[in-house]
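One structure is given here, and the rest of the page talks about it.
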Protein chains: 2
Amino acid sequence: MDNFNLGSMVRDHRKKAGLTQLELANLAGVGKTTVFDIEKNKETVRWNNLLAVLEVLNIKVEFTSPLTK
Amino acid sequence: MDNFNLGSMVRDHRKKAGLTQLELANLAGVGKTTVFDIEKNKETVRWNNLLAVLEVLNIKVEFTSPLTK
DNA sequence: TTACAATTACTGTTATAACGGTAAAAACGT
DNA sequence: ACGTTTTTACCGTTATAACAGTAATTGTAA
């Protein structure tokens with residue numbers, strides 16, 4: 001029912017990668033607080049920082065709309 | 001070949017919705033500069049601001065990974 | 001071309017995310 | 001239980017995104 005939670009997804013992937021928040025932060029080139037905030041679903045993080053974290057975890061982002069074919 | 005451009009997508013959708021940058025900004029509750037920046041692919045915008053703009057344009061975001069089934 | 005509308009670019013101010021440090025609280029293993 | 005690691009929470013400082021002007025440039029329609 002579409003209550004998707006990005007924070008949980010990030011956390012799950014990080015765990016499966018065997019990384020701590022600090023290690024992930026360093027790999028992504030962001031501060032540990034940012035990783036913490038992302039996992040807590042704080043949406044005021046910067047888009048580029050979120051992207052950097054997702055990239056490390058091999059999570060792809062897709063944008064779709066009714067106009068998308 | 002995967003040179004996806006979010007800025008162009010936002011611009012296209014905005015045009016098709018018949019909105020100016022300023023109108024979109026107001027609808028999304030962000031400043032006009034932010035809309036401009038998004039269309040220019042400036043990735044340092046805040047995630048929540050980007051989300052607000054995408055929502056107005058009815059663009060959905062999806063996160064996928066090899067672990068996603 | 002001429003007006004008008006929209007976009008782009010720049011500026012100064014304000015709000016706040018990012019960051020590292022620290023410390024307390026949870027989680028984990030032995 | 002115990003010690004170790006990780007996570008959570010809070011803090012002060014710094015960097016910078018967000019914002020509303022404004023003006024210049026580009027685009028559009030007549």
Side-chain angles (χ1 to χ4, degrees):
Chain A
M1 284 105 75
D2 207 66
N3 50 343
F4 170 73
N5 190 315
L6 179 59
S8 304
M9 181 174 185
V10 167
R11 155 156 303 209
D12 283 354
H13 280 68
R14 174 175 63 78
K15 291 286 193 188
K16 280 181 179 134
L19 297 171
T20 67
Q21 290 181 339
L22 183 57
E23 288 170 330
L24 174 55
N26 290 337
L27 284 172
V30 304
K32 62 181 172 35
T33 311
T34 298
V35 170
F36 174 72
D37 288 343
I38 290 173
E39 294 191 357
K40 279 278 175 179
N41 292 298
K42 205 175 154 209
E43 295 184 333
T44 49
V45 293
R46 272 186 230 152
W47 175 225
N48 62 327
N49 283 346
L50 177 56
L51 274 180
V53 168
L54 295 180
E55 189 140 355
V56 170
L57 297 176
N58 200 27
I59 297 176
K60 304 271 182 246
V61 190
E62 263 186 46
F63 301 95
T64 60
S65 87
L67 298 171
T68 309
K69 200 94 351 66
Chain B
M1 283 104 79
D2 207 65
N3 49 345
F4 170 74
N5 190 315
L6 179 58
S8 304
M9 180 174 185
V10 167
R11 153 156 304 207
D12 283 356
H13 280 67
R14 174 175 65 77
K15 291 286 193 190
K16 280 184 179 130
L19 297 171
T20 67
Q21 290 181 337
L22 183 57
E23 288 169 330
L24 174 54
N26 291 336
L27 285 173
V30 304
K32 62 180 172 36
T33 312
T34 298
V35 170
F36 174 72
D37 288 343
I38 290 173
E39 293 190 357
K40 279 276 173 180
N41 293 298
K42 203 175 155 213
E43 294 185 333
T44 49
V45 294
R46 275 185 227 151
W47 175 227
N48 61 326
N49 284 346
L50 177 56
L51 273 181
V53 168
L54 295 180
E55 188 140 359
V56 170
L57 298 175
N58 201 25
I59 298 175
K60 305 271 182 246
V61 189
E62 265 186 44
F63 300 96
T64 60
S65 88
L67 298 171
T68 309
K69 202 66 24 40

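The sequence lines fix the lettering, A, B, ..., with proteins before strands; numbering per chain opens at 1.
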Measuring from [X]:[atom1] to [Y]:[atom2], what's the distance to the nearest 0.5 Å?
X	Y	atom1	atom2	result
W47(B)	L51(A)	CH2	CG	8.0 Å
L67(A)	I59(B)	CG	CD1	8.0 Å
L6(B)	K42(B)	CG	NZ	14.5 Å
N26(B)	Q21(B)	CG	CD	12.0 Å
K32(A)	E23(A)	NZ	CD	14.5 Å
N49(A)	E43(B)	CG	CD	10.5 Å

Distances for protein N or O near nucleotides 12-15 of chain D N or O, under 3.5 Å:
none

Run through V56(A), L50(A), L57(A) and flag the one making a side chain to side chain contact (heavy atoms under 4.5 Å, CB included) with L54(A).
-> L50(A)
same_hphob_cluster(L19(B), V53(B)) at 4.5 Å side-chain heavy-atom cutoff = yes
Output the rounded distance in Å from [atom1] ([X]) to [atom2] ([N]).
X	N	atom1	atom2	answer
E43(A)	dA18(C)	CD	P	13 Å
W47(A)	dA17(C)	CH2	P	17 Å
N49(A)	dC19(C)	CG	C1'	11 Å
I38(B)	dA18(D)	CD1	C1'	11 Å
K42(B)	dA9(C)	NZ	P	12 Å

For T34(A) and dC19(C), is the shortest distance between a side-chain N/O and OP1 or OP2 below 4.0 Å?
-> yes
So do the side chains of M9(B) and F4(B) get within less than 4.5 Å of each other, counting heavy atoms only?
-> yes
What bend angle does the helix from dT1(C)-dA30(D) to dT30(C)-dA1(D) show across its length, from five-pair end axes and to the nearest 10 degrees?
-> 70°
Please write out the pairs of protein N or O atoms and N or O atoms of nucleotides 3-8 of chain D separated by less than 3.5 Å, giving the distance to one decimal.
| from | atom 1 | to | atom 2 | distance (Å) |
| --- | --- | --- | --- | --- |
| dT7(D) | OP1 | R14(A) | NH1 | 2.6 |
| dT7(D) | OP1 | R14(A) | NH2 | 3.0 |
| dT7(D) | OP1 | K15(A) | NZ | 3.4 |
| dT7(D) | OP2 | Q21(A) | N | 3.0 |
| dT8(D) | OP1 | R11(A) | NH2 | 3.4 |
| dT8(D) | OP2 | R11(A) | NH2 | 2.9 |
| dT8(D) | OP2 | Q21(A) | NE2 | 3.0 |

Kindly give the heavy-atom pair with the smallest separation between A52(B) and A28(B), and that separation in Å.
-> CB-O, 3.5 Å
Do you know the tightest heavy-atom contact between R14(A) and L24(A)?
-> CD-CD2, 3.6 Å
